[in-house]
Asks: 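My structure is below; once you've seen it, I'll send some questions.
Any value given below was found using the heavy atoms of this structure, including those in side chains, with hydrogens, waters and symmetry copies removed.
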Amino acid sequence: MKQNIVHIALVVNDYDEAIDFYTQKLNFVLVEDTYQAEQDKRWVIVSPPGSTGTTLLLAKASKPIQEKFIGDQAGGRVFLFLNTDDFDRDYQEMLAKGIEFVREPKAADYGTVAVFKDLYGNLWDLVQFTDGHLMQERMQ
């Protein structure tokens, strides 16, 4: 059997501001932006550059209960993990684009990592796994 997690839904306040953040600040690719008339919403998918794995589904909050989770989808924990092939390059570029890091880069047994916020405050790890680490091998 083979299965994959295809999308992770990220609740956002506004489609266009979220698309702008992910494509302009994080260099993600806009994979799809399709209006769904029957539900009066958009199907918006973004993906890190060069990625062939899981994508983000930018899902606009449509009910008050959903609005409460914008920026806090994981209760203040790191929610998403962005792997890179060049930590220093991406870290410096993100700083230059105004991305807020809440934990500075540190070396760990598994690689180099720093924590940043997205436009709504969700926490992300920017991580480059060390050669030979299980996750590094899985992504090759």
Asks: Which distance, rounded to the nearest 0.5 Å, do you find between the OG1 of Thr112 and the CG of Asp86?
Replies: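 So the OG1 of Thr112 and the CG of Asp86 are separated by 10.5 Å.
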Asks: Regarding Gln128 and Asp90, is there a side-chain donor-to-acceptor distance under 3.5 Å anywhere?
Replies: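 Side-chain D/A pair, Gln128 to Asp90: absent.
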Asks: If you round to the nearest 0.5 Å, how far is CD of Glu67 from CG of Asn13?
Replies: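 So the gap between those two atoms works out to 7.5 Å.
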Asks: Is Phe116 close to Leu95 at the side-chain level, that is, under 4.5 Å between some pair of heavy atoms?
Replies: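 Contact flag for Leu95/Phe116 side chains = no.
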Asks: Please find the pair of heavy atoms, one from Val115 and one from Val78, that lie closest to each other, and give the distance.
Replies: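 What the structure gives for the nearest pair is CG1-CG2, 4.0 Å.
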Asks: Determine, stepwise, if the pair Arg89 / Asp85 fulfils salt bridge (charged side-chain N to carboxylate O under 4.0 Å, His left out).
Replies: CA-CA 9 Å; Arg89 174 200 65 213; Asp85 63 348; 2.6 Å; yes
Asks: Within the side chain of Asp118, is there an N or O that forms a donor-acceptor pair under 3.5 Å with the backbone of Tyr120?
Replies: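 At least one qualifying donor-acceptor pair exists.
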Asks: To the nearest 0.5 Å, what is the distance between NZ on Lys41 and NZ on Lys60?
Replies: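 Result: 12.5 Å between the selected atoms.
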Asks: If we ignore angles and hydrogens, is there a donor and acceptor under 3.5 Å between the side chains of Tyr35 and Asp40?
Replies: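 Side chains of Tyr35 and Asp40: pair found under 3.5 Å.
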Asks: Taking all non-hydrogen atoms of both residues into account, name the closest pair between Asp14 and Glu17 and its distance.
Replies: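 That closest heavy-atom pairing would be OD2-N, 2.9 Å.
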Asks: Do Leu10 and Tyr22 come within less than 4.5 Å of each other through their side chains, counting heavy atoms only?
Replies: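 Result yes, sub-4.5 Å side-chain heavy-atom pair found.
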Asks: Judged by atom type as modelled, is there a donor-acceptor pair below 3.5 Å linking the side chain of Gln73 to the main-chain atoms of Val11?
Replies: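 Yes, Gln73 side chain to Val11 backbone: donor-acceptor pair under 3.5 Å.
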Asks: Heavy atoms only: give me the nearest Ala114-Glu104 pair and the separation to one decimal.
Replies: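 Heavy atoms of Ala114 and Glu104 come nearest at CB-C, 4.0 Å.
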Asks: Can you confirm whether Leu82 sits close enough to Phe28 that some side-chain heavy atom of one is under 4.5 Å from a side-chain heavy atom of the other?
Replies: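 Sidechains of Phe28 and Leu82: in contact.
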Asks: Quick one: closest heavy-atom pair of Asn122 and Gly71, and the distance?
Replies: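 Minimum heavy-atom contact is OD1-C, 3.2 Å.
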Asks: Under 4.5 Å between side-chain heavy atoms, counting indirect links through other Ile/Leu/Val/Met/Phe/Trp/Tyr residues: same cluster for Ile5 and Val46 or not?
Replies: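 Result: yes, single cluster for both.
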Asks: Among residues at least two apart in sequence or on other chains, which ones pass side chain to side chain contact (heavy atoms under 4.5 Å, CB included) with Glu100?
Replies: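 Checked Glu100 against side chain to side chain contact (heavy atoms under 4.5 Å, CB included); matches are Val102, Lys117.
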Asks: What is the ring orientation for Phe129 with Tyr110, classed by angle as parallel under 30°, tilted 30 to 60°, or perpendicular over 60°?
Replies: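 The arrangement is tilted - the two ring planes meet at 30° to 60°.
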Asks: When rounded to the nearest 0.5 angstrom, what is the spacing between CG in Asp33 and CD1 in Ile19?
Replies: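 Spacing of CG (Asp33) from CD1 (Ile19) equals 4.5 Å.
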Asks: For Ile45, check side chain to side chain contact (heavy atoms under 4.5 Å, CB included) against everything at least two apart and list the hits.
Replies: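 By the side chain to side chain contact (heavy atoms under 4.5 Å, CB included) rule, Ile45 matches His7, Val31, Glu32, Trp43, Thr55, Leu57.
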Asks: State, yes or no, whether a side-chain contact exists between Arg77 and Leu123 at a heavy-atom distance under 4.5 Å.
Replies: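 The answer is no, as the side chains (C-beta and beyond) never meet within the 4.5 Å cut-off.
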Asks: For residues Lys25 and Lys97, report the shortest heavy-atom separation together with the two atoms involved.
Replies: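 It is NZ-O, 2.6 Å.
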Asks: Between Tyr15 and Arg42, is there a donor-acceptor pair closer than 3.5 Å when you use the side chain of the first and the backbone of the second?
Replies: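 At least one qualifying donor-acceptor pair exists.
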Asks: Can you pull out every ring-ring contact (aromatic ring centres under 6.0 Å, His included) where at least one residue sits in residues 59-99? Sequence neighbours excluded, please.
Replies: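 Listed by first then second residue: Phe87-Tyr91, Tyr91-Phe101.
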Asks: Between Thr23 and Leu30 (side chain of the first, backbone of the second, donor and acceptor by atom type, cut-off under 3.5 Å), is there such a pair?
Replies: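 Checking the backbone N and O of Leu30 against the side chain of Thr23, no donor-acceptor pair under 3.5 Å is found.
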Asks: Do Val113 and Leu126 sit in one hydrophobic cluster, given that two such residues count as connected whenever their side-chain heavy atoms are within less than 4.5 Å of each other, even indirectly?
Replies: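 Each belongs to a different hydrophobic cluster.
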Asks: Without swapping roles, check the side chain of Asp16 against the backbone of Asp20 for a donor-acceptor pair under 3.5 Å.
Replies: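 It does not hold such a pair.
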Asks: So, for Leu58 and Ala18, which heavy atoms are closest and what is the spacing to 0.1 Å?
Replies: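 Looks like CD1-CB, 3.9 Å.
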